[in-house]
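Order of the sequence lines fixes the chain letters, A, B, ..., with proteins taken first and strands second; residue numbering starts at 1 for each chain.
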2 protein chains.
Amino acid sequence: MENEVKTASDKVFVDIRQAIVEGEIAQGSKISEPELSKKHQVSRATLREALNRLESCHLIERKANVGCRVISLTPEKLDEIYQVRSALEGLACRLAATNMTDDEINQVKALLDDHLSTQRVRQGESYYQEEGDLDFHYRIIKGSKNSHLINLLCNELYQLVRMYRVQMGMNGPRVSKAFDEHLAIINAIAARDGELAELLMKRHIAASGNNIERKFQ
Amino acid sequence: MENEVKTASDKVFVDIRQAIVEGEIAQGSKISEPELSKKHQVSRATLREALNRLESCHLIERKANVGCRVISLTPEKLDEIYQVRSALEGLACRLAATNMTDDEINQVKALLDDHLSTQRVRQGESYYQEEGDLDFHYRIIKGSKNSHLINLLCNELYQLVRMYRVQMGMNGPRVSKAFDEHLAIINAIAARDGELAELLMKRHIAASGNNIERKFQ
DNA sequence: ATTGCTAAAATTGTCGACAATCTGTTGATC
DNA sequence: GATCAACAGATTGTCGACAATTTTAGCAAT
């Protein structure tokens, strides 16, 4: 695990990030530096360090001499993000078909089996809200072995995607369908068919995006 | 232009970024906060603000309690970056074929005509290191009308790409060839053929990457 | 009531100093 | 001579205070 939280600003960053993603801090709301620094028991300098990183994750927006705002979730932005995500994870998937070891592929298969056996999938509940290494997408991305791509997707885009998932809700019949799609993707990778794997991943993500977009009505 | 340099850390950020991209600060070299802050006549807090943004551009790497280093240029990283860039600009190009107005397309055509008439292209000189290429790719990217994608490419990835171009050198017969490729791309966009435009852009970028990679020998 | 100006309050940007951590060297022990 | 511990030096992380800018509040004029 590289989930290293060495410094104070690391901890504040992680805490606030979670608060934003989970909706504890409302989308679009203004962020007061004095208030937040007091709440988290750190100085403003430390808080600002954390805010900088939140901006890198596109979770907040800054204006000079004005301040920070939590981003607002809109259908338009969702569309933009999922277009980017589709292209990048599609690429990751194609690369993974070449670069993943047989061992890594088997581990992902075992992961999916495990998910199935816990039956949370069948109950259509919270399959999507898993985090970190437990996440299917996480492993495929890392399987690309492209560290720049990994950083982009896991550190800069992932929490933003997660924010839409969590706040817009993600459940119902889509869940078990998503599971089947995951299975098809890992099979394509196991067959070393990068082109197919990329196509399937792009479709999978597009379907996921459409599912969230539907919640905006 | 939104090239707004409002605050002191903005200016320091832009200055250091240029120094890194142009190679004035050697790749892989360690960055001393006290030294740089003195050199740029600002406090360490202001400098660190700038360093944070440089990290967002992937131009420097940080380790907790250790410090910053300028990234090192390697063939492997070049490959990684160009894989990502190819996917993203390919996407941008496809979107541009749908979203650019006829006016915007004609402006890009006029831009290329202008580049040709200045004859710098025919002389095979520095077409790549100037705003010529910058403008072309910039305009296509902005033509995608996807603000997240625009930000990713123009603010987070572009200077890194430019660093490879500038420091590894970029000239010779590749230049006039690149110009022809630009022409083919804008024609595909004008024909509203997004699929072709994406394909051409991906090839164009791959060729550009290979050209740089050759310099590593 | 609305508009425009002025001043006060609040917020962000910047600074210099202190604390925590790492790095490199010295010297002791085996 | 090699390994390791302790120490000194330097570097980064953090803090509280001040400066610059923006926002708000109040008042005056139309």
| task | Could you check whether the rings of A:Tyr138 and A:Tyr158 sit parallel, tilted or perpendicular, using 30° and 60° as the cut-offs? | result | perpendicular

| field | Residue pairs passing the ring-ring contact (aromatic ring centres under 6.0 Å, His included) test where at least one lies in residues 24-52 of chain B, sequence neighbours excluded | value | none

| said: With a cut-off of less than 4.0 Å, is there a side-chain N or O of B:Ser9 near OP1 or OP2 of C:dT14? | reply: yes

| task | Figure out the CG/C1' separation between B:Leu51 and D:dG13, and round it to whole Å. | result | 13 Å

| query | Reckon B:Ala8 touches a base, only the sugar-phosphate, or nothing at all at heavy-atom distances under 4.0 Å? | reply | sugar-phosphate

| query | Would you find more than 12 non-hydrogen atoms of other residues, nucleotides or ligands less than 6.0 Å from B:Lys77 atom NZ? | reply | yes

| said: Measure CD/A:Glu55 against P/C:dT12 and give the value in whole Å, please. | reply: 14 Å

| remark: In terms of heavy-atom contacts, A:His148 and B:Glu80 come closest through N-OE1, 3.2 Å

| request: Please work out which of the three classes, parallel, tilted or perpendicular, describes the rings of A:His137 and A:His204, given edges at 30° and 60°. | output: parallel

| note | The bend of the helix from C:dA1-D:dT30 to C:dC30-D:dG1, taken between the axes of its five terminal pairs at each end and rounded to 10°, is 20°

| remark: Assert: residue with more 5' nearest nucleotide on DNA chain D, out of A:Ala64 and B:Ala64, is B:Ala64

| said: Counting only side-chain nitrogens and oxygens, does B:Thr7 get under 4.0 Å of the OP1 or OP2 atom of C:dT14? | reply: yes

| request: Rounded off to whole Å, could you give me the CG-to-P distance for the A:Leu47 and D:dG16 pair? | output: 13 Å

| said: Looking at A:Glu33 and A:Arg44, is there a salt bridge between them, counting it only when a charged N and a carboxylate O are closer than 4.0 Å? | reply: yes

| task | Decide, yes or no, whether a salt bridge links B:Arg192 with B:Asp102 under the criterion of side-chain N to carboxylate O below 4.0 Å. | result | yes

| field | Charged N-O contact under 4.0 Å between B:Glu35 and B:Lys30 | value | no

| Does a side-chain N or O from B:Thr46 land closer than 4.0 Å to OP1 or OP2 of C:dC15, or not? | yes

| task | Grab the CG-P distance between A:Asp10 and C:dT21 for me, whole Å please. | result | 13 Å

| Over how many whole Å does the gap from B:Leu36 atom CG to C:dC15 atom P extend? | 14 Å

| query | Rounded to the nearest 0.5 Å, how far does OH of A:Tyr164 lie from CD1 of A:Ile81? | reply | 4.5 Å

| Can you tell me how far C1' of C:dC15 sits from CD of B:Glu49, to the nearest Å? | 14 Å

| message | The side chain of B:Ser43 is closest to which nucleotide in this list: C:dT14, C:dG13, D:dT14? | response | C:dT14

| Between C:dG16 (P) and B:Arg48 (CZ): distance, integer Å | 16 Å

Protein N or O to nucleotides 6-11 of chain D N or O, pairs below 3.5 Å:
none

| Charged N to carboxylate O under 4.0 angstrom, A:Arg48 versus B:Glu49? | yes

| message | Looking only at the side chain of B:Arg44 (C-beta and beyond, no hydrogens), which of the listed nucleotides D:dC15, D:dT14, C:dT12 gets closest? | response | D:dT14

| task | Measure from NZ on B:Lys6 to P on C:dT12 and round the result to the nearest Å. | result | 17 Å

